[in-house]
Amino acid sequence: MTTPVLVRTRSLAKTYVVGDVRVAALADVTLAVGEGRFVAIIGASGSGKSTLLNLLGGLDTPTGGAIEVGGDLISSMDREALARYRRHVTGMIFQSFNLVPSRTALENVELPLIFAGVERAERRRRAAELLDRVGLAARAAHRPSELSGGEQQRVAVARALANDPRILLADEPTGNLDSRTSREIVGLLAELNRGRNLTVIMVSHEEGLVREFAHDVIKLRDGRVVAEEGAP
Amino acid sequence: MRFGDAVGFALSSLRKRRLRTFLTASGVMIGIGALVCMISFGKGMQKNVTEAFKAADLFTAIMVMPAGPSEPGGDPDEPGSRRGGGAAAAAAKGTLLDDAAVAEILKIPGVMTAYPEVSFPAQVGLGDEGEFRLVQVVPAAVAASRALRVKWGRAYANDDERGVVISGSFARRLGLKDPAAAVGRTLRIKSVSFDFAALDPGRMMTGGGGLPLAQESYDFPVLGVTGTAAFGEGGPGLGQNDVFLPPGPARGIKRLPITSVWDVFRMSGGRVGYSAVSVKLGSLRDLKAVQSRIRDLGFSTFALADQFEEVTKAFYLMDMVLAAVGMIAIVVAALGIVNTMVMSILERFREIGVMKSVGAGDGDIKKIFFFETGAIGLLGGAAGCLLGLATSLLINRIVNIYLARQGIPYGHYFAFPLWLFLGAMGFSLLVSLAAGIYPARRAARVDPVIALRHD
């Protein structure tokens, strides 16, 4: 199936300088992700998966090449433009959930809506709806420490969806979960991908699991794309 | 990010770290408390002096003196030094400060009253014993006004009533524990006058006396006693004297025509002018015009209202010095805020990363930290105002306990205008926000990738 390209990178590079040493985390990464696709990025530790996801999520800036999302050149955006991009175009989930411990599940889901300037009553309603969507309506008033790993990751998914993003970026979302919960979470992402036509880019090293759900698989090694399966 | 949400973020964060918030705000509280205390003291002193001036009608008083330059080398605090040479010059021009001049001054629009500054030395006591004092002749109209603040008894009703008013402190010096007890007692004034019949050149040559002086005794009932104020007794030019007499009885007293050596110079062809005339105005607005008219008559004038501008400047200077001392505490408090907020960044490093990952911009992060420092500033500022007020009232009470032992009545040495509290709060907020600039910028520059990896 051919879909319009939503994300495109050209000769993307990221080099870190540690003292006198230059470490190339990514080199010459050129890829395209079609809208509404579920893309898995796999590879060993240190292969550059998370670096690529951070660049696509606008959390980091490349040292070379270009990133284009929906026609906008992300790689040349300034800090404020990148913040707007993170706020309205992407939603991110992480291996360690990254929920704010002092806030309830509902308040964590509200967080992106606060920075989007959504009025309090409206964001309460939307956050409650999203928690219901991920099956956690009854846990809205609980703090992260009172939730299981799977529940925390569901809250993180709800939070990532708060501003109705075009792309969901997941960085090892199953890394801290048991196999049954991992399957549930990846299943949820796949459901969102299908139900909302949401583009999902997920980094994982659980090759078997991702091959079950992803449309496309991109394999990285030493910061370079070594294999691409499926076609946008 | 909405304003209310930024406030909510700030308050929630401060609530989470209650002890640290309390300690940091305490630093601001002490600084603002010190500042409020210092400035309220300066303002209190200024208010007391201003009110004392107003109460004594000093702003509407003009002292008229014979015109002319000051005596070279004369003591500027000694009225004679200002008027001596001028008197000679005025005398030479024939513009004597005499009854005719007083009558002319009284005709000037805006002048309420004018009376010569007449005083003479005499031995004053409740019996034959007494102290040498200057007895001042004051018209009844002036004695009845606020100028002479009679606390016990009354002022004399007219210029011819036979009676005196004495100061409270003089009553005490006369041996009366309660100054009020002087009312109704008889005061003996022993004046000194020239008696050329007693002149004995032979005894003078041999140093055996023989000065042409005579002493006469006059008895007067004490009608009233002035109170003792925190800032001096009596009123304009009356503050230094202890015995006040109406003009009528004063005319019957044989006395020396001079009170100082400068009075000798005022004698012109046998005519003697007054050393000074006090003028009272109905309103301060007439001051400049009346001064100008009096100068046109050939006399010099001195008005405290003119000098008060300089006094006000001195008070501003004092306020600034006091504020500068208070500022030291504020600077220390500001450093405390910086320290707290930098610590807060380190503790919330990951949270900042999370906020950025979900769309917070640098401006949002800055806003959150600014609102936190602002809240600390307002909290500390409000508490500081209360602390400053409480400390000032406590110091005032302690000072009054001490001064009461010296016989000085209760006074308010601190003033608390509303602007002081509003200004202190505003200043506290400003200093806190300034202290928040560095932490807010630092928090805004946090790299989300590094922050999200942070444990």
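Every chain is numbered from 1 and lettered A, B, ... according to where its sequence line falls, protein lines coming before strand lines. Not measured: the values here are computed from a predicted model.
- The only member of B/K367, B/R15, B/R348 that meets salt bridge (charged side-chain N to carboxylate O under 4.0 Å, His left out) when paired with B/E372 is B/R348.
- Between chain B and the residues A/N163, A/N54, A/D60, A/I114, the largest count of heavy-atom pairs under 4.5 Å involves A/I114.
- Using a 4.5 Å cut-off between heavy atoms, B/D362 contacts chain A through both its backbone and its side chain.
- Taking A/R120, A/H88, A/R123 one by one and counting their heavy-atom pairs under 4.5 Å with chain B, the maximum is reached by A/R123.
- Residue A/F94 touches chain B through its side chain alone, counting heavy-atom pairs closer than 4.5 Å.
- For the set A/G58, A/G91, A/P112, the entry with the most heavy-atom pairs within less than 4.5 Å of chain B is A/P112.
- The pair A/E122-A/R125 meets the salt-bridge criterion, since a charged nitrogen lies less than 4.0 angstrom from a carboxylate oxygen.
- In terms of heavy-atom pairs under 4.5 angstrom with chain B, the leader among A/T90, A/V118, A/L113 is A/V118.
- Between A/R84 and A/E80 there is no salt bridge, since no side-chain nitrogen of the basic residue lies less than 4.0 Å from a carboxylate oxygen of the acidic one.
- Under a 4.0 Å N-O distance rule, the pair A/R196/A/D164 qualifies as a salt bridge.
- Interface remark: B/K356 contributes backbone and side-chain atoms alike to the contact with chain A (heavy atom separation under 4.5 Å).
- Among the candidates B/R2, B/K16, B/M1, the residue making the largest number of heavy-atom pairs closer than 4.5 Å to chain A is B/R2.
- With B/T340 contributing its side chain and B/G336 its backbone, the two residues share a donor-acceptor pair below 3.5 Å.
- Using a 4.0 Å cut-off between charged side-chain N and carboxylate O, A/R103 and A/E110 make no salt bridge.
- The greatest number of non-hydrogen atom pairs below 4.5 Å with chain B, out of A/L111, A/L99, A/L82, is found for A/L111.
- Ring geometry for B/F414 against B/F416 counts as parallel: the plane angle stays under 30°, on a 0 to 90° scale with 60° as the upper cut.
- Here the side chain of A/D132 pairs no donor or acceptor atom with the backbone of A/A137 at under 3.5 angstrom.
- Neither the backbone nor the side chain of B/I450 comes within less than 4.5 Å of any heavy atom in chain A.
- By number of non-hydrogen pairs under 4.5 angstrom with chain A, the leading residue of B/G361, B/G363, B/A6, B/S12 is B/G361.
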